[in-house]
Amino acid sequence: MRARTRRPSFAAFVLLLLLGTTAGHAQFPPDSLVNLQFFPNDIETRELIGHMRGFAMGLGVRCQYCHVGEEGMPLAEFDFPSDEKTTKQIAREMLKMVREINTAHLANLPERAQPTLVVECATCHRGQARPIMIEELLQQVIADHGIDSAKVHYRALRADYYGSYTYDFSEGSLNRLAESFFDRGEFAQTIEVLRLNEEFFPESSGLQYMLGEAFAANGDRQMAITQMERALELNPNFGRAKQRLEQLKQP
């Protein structure tokens with residue numbers, strides 16, 4: 001479950017998602033382009049390479065993600081015209097979707113602000129091939145491998161991606177994941193997720209309050225009281241925590 005740490009190199013950016021090159025692929029960059037199904041046939045190679053570099057950065061992948069070739073191979077040996085890989089076919093559909101959003105939907109917005117904003121690959125993907133929120137990703141890891149694996153995975157993701165735009169490591173992400181478990185009545189899982197979040201936000205009174213509610217729902221009144229008291233230590237003006245603490249202390 002270790003997060004991938006290798007970022008695409010500049011060379012890898014150059015031809016990611018390239019939708020055509022010379023049939024003999026004897027040189028790179030090519031003299032002519034073939035099998036172009038999205039971009040116009042008369043597009044300049046330099047311009048196409050610029051688009052591909054943007055796609056690579058947006059998805060955080062390398063040439064072989066969409067094209068027939070292996071890591072470390074000379075680019076001239078890649079079979080760029082091939083449509084063998086499903087990811088290349090998906091890429092074309094995604095490009096059509098982005099074009100439709102920008103030209104048929106955003107363009108028709110009333111009182112559109114200037115300068116206009118447009119959707120790009122990175123708008124959703126944020127450096128990952130499969131655009132998924134971190135709480136959704138962890139939900140899948142928990143379902144497949146359990147909470148302990150999810151904790152390891154989260155710490156690895158945070159170590160590798162913190163500071164980038166790929167994942168949201170703010171307090172709210174794990175809180176939302178915890179709330180989803182709470183709403184399903186899975187209070188032990190709720191506590192585990194909140195304890196993980198506490199490692200990174202130990203001074204959050206709101207997080208301590210959520211822990212108190214989770215312990216109370218799980219039948220542990222004393223721990224609920226402890227967490228509410230901690231919330232009030234961090235924020236003496238936290239009226240909801242004060243009220244809840246009084247309720248929990250009632251016989």
Side-chain angles (χ1 to χ4, degrees), residues 1-5 59-61 90 94 122-251:
M1 302 306 300
R2 178 67 179 173
R4 175 178 55 80
T5 59
L59 273 67
V61 295
I90 293 173
M94 293 294 101
T123 305
C124 294
H125 284 271
R126 308 179 312 279
Q128 55 181 324
R130 183 169 179 252
I132 184 172
M133 303 293 284
I134 193 166
E135 53 264 40
E136 295 177 87
L137 174 59
L138 294 176
Q139 189 86 258
Q140 293 179 359
V141 176
I142 292 170
D144 294 340
H145 305 285
I147 186 66
D148 289 338
S149 292
K151 290 179 179 179
V152 172
H153 195 51
Y154 179 81
R155 294 185 186 108
L157 288 173
R158 192 178 178 95
D160 293 336
Y161 288 97
Y162 189 83
S164 74
Y165 66 172
T166 304
Y167 295 108
D168 177 10
F169 294 107
S170 66
E171 179 186 343
S173 293
L174 288 184
N175 283 350
R176 288 191 295 271
L177 177 60
E179 287 171 352
S180 70
F181 284 114
F182 189 92
D183 291 342
R184 295 199 298 269
E186 300 177 37
F187 305 124
Q189 295 279 54
T190 303
I191 293 168
E192 291 286 347
V193 172
L194 292 174
R195 284 300 194 203
L196 174 63
N197 211 14
E198 188 181 26
E199 294 180 19
F200 305 99
F201 301 96
E203 302 302 311
S204 169
S205 60
L207 179 54
Q208 297 300 321
Y209 175 86
M210 291 180 69
L211 272 164
E213 291 288 17
F215 276 113
N218 203 40
D220 193 336
R221 177 183 288 192
Q222 187 54 53
M223 280 301 299
I225 290 173
T226 298
Q227 299 301 151
M228 292 300 175
E229 289 175 340
R230 175 59 177 156
L232 286 168
E233 287 176 10
L234 294 168
N235 181 8
N237 297 319
F238 197 161
R240 186 168 52 172
K242 186 180 297 184
Q243 181 181 27
R244 193 70 175 98
L245 180 60
E246 292 173 357
Q247 294 173 348
L248 287 167
K249 287 185 173 181
Q250 291 177 1

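The chain is numbered in sequence order, starting from 1.
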* Asked: Considering residues at least two apart in sequence or located in another chain, which fulfil the side chain to side chain donor-acceptor pair (under 3.5 Å) criterion with E136?
  -> none
* To do: Kindly write out the residues that satisfy salt bridge (charged side-chain N to carboxylate O under 4.0 Å, His left out) with D168, not counting sequence neighbours, or none if the list is empty.
  => R176
* To do: Could you pull out the closest heavy-atom pair between P236 and K242, with the gap in Å?
  => O-NZ, 3.9 Å
* Asked: Nearest heavy-atom pair of A224 and G212: which atoms, and what distance?
  -> CB-O, 3.3 Å
* **L174 to V193 - nearest heavy-atom pair and separation** => O-CG1, 3.4 Å
* So, for F187 and F181, is the gap between ring centers shorter than 6.0 Å? -> no
* Do R240 and E213 sit within salt-bridge range, that is, some charged N less than 4.0 Å from a carboxylate O? -> no
* Assess R244 against Y209: is NZ or CZ under 6.0 Å from the centre of the six-membered ring, and within 45 degrees of the ring's axis? => no
* Looking at R230 and E203, does any basic side-chain N land under 4.0 Å from a carboxylate oxygen? -> yes
* Structure fact -> Distance col, row I132:CD1 vs T166:OG1, nearest 0.5 angstrom, shows 13.5 Å
* Short question: side chain of N175, backbone of L207 - any donor-acceptor pair under 3.5 Å? -> no
* NE2-CE distance between H125 and M94, expressed to the nearest 0.5 angstrom -> 7.0 Å
* CD/Q227 to CG/L248 distance, rounded to the nearest 0.5 angstrom? -> 11.5 Å
* Nearest-0.5 Å distance that lies between atom CZ in R158 and atom CZ in F200 -> 5.0 Å
* To do: Given salt bridge (Lys or Arg N to Asp or Glu O under 4.0 Å), test E192 with R195 step by step and report yes or no.
  => CA-CA 5 Å; E192 291 286 347; R195 284 300 194 203; over 6 Å; no
* To do: Taking the side chain as every heavy atom from C-beta outward, state whether K151 and R155 have any atom pair closer than 4.5 Å.
  => yes
* What's the verdict on side-chain contact (heavy atoms from CB on, under 4.5 Å) for I191 and D220, showing C-alpha distance, side-chain angles and the deciding distance? -> CA-CA 11 Å; I191 293 168; D220 193 336; over 6 Å; no
* To do: Could you check whether the rings of F169 and Y162 sit parallel, tilted or perpendicular, using 30° and 60° as the cut-offs?
  => tilted
* To do: Kindly check if the number of other-residue, nucleotide or ligand heavy atoms within 6.0 Å of CZ (R130) is above 12?
  => no
* For A217 against F182, the heavy-atom pair lying closest together -> CB-CE1, 3.8 Å
* Asked: Within a strict 4.5 Å, meaning less than it, do heavy atoms of the L211 and M223 side chains meet?
  -> no
* Please report the shortest heavy-atom distance between N218 and A188, naming the atom on each side. => OD1-N, 4.1 Å
* Give, for atom CD of Q208 and atom CG of N235, the distance between the pair rounded to the nearest 0.5 Å. => 12.0 Å
* Which heavy atom of L138 sits nearest a heavy atom of H153, and at what distance? -> CD2-CD2, 4.4 Å
* Would you say the side-chain atoms of S205 pair up with the backbone N or O of L234, donor to acceptor, closer than 3.5 Å? -> no
* **V141 vs Y154 side-chain heavy atoms within contact, under 4.5 Å** => no
* Could you tell me the separation between the CZ atom of R221 and the CE atom of M228, rounded to the nearest 0.5 Å? => 12.5 Å
* To do: Find out whether L177 and S180 are in side-chain contact, i.e. whether some heavy atom of one side chain is under 4.5 Å from a heavy atom of the other.
  => yes
* **Beyond-backbone contact of E229 with K249, side-chain heavy atoms, under 4.5 angstrom** => yes
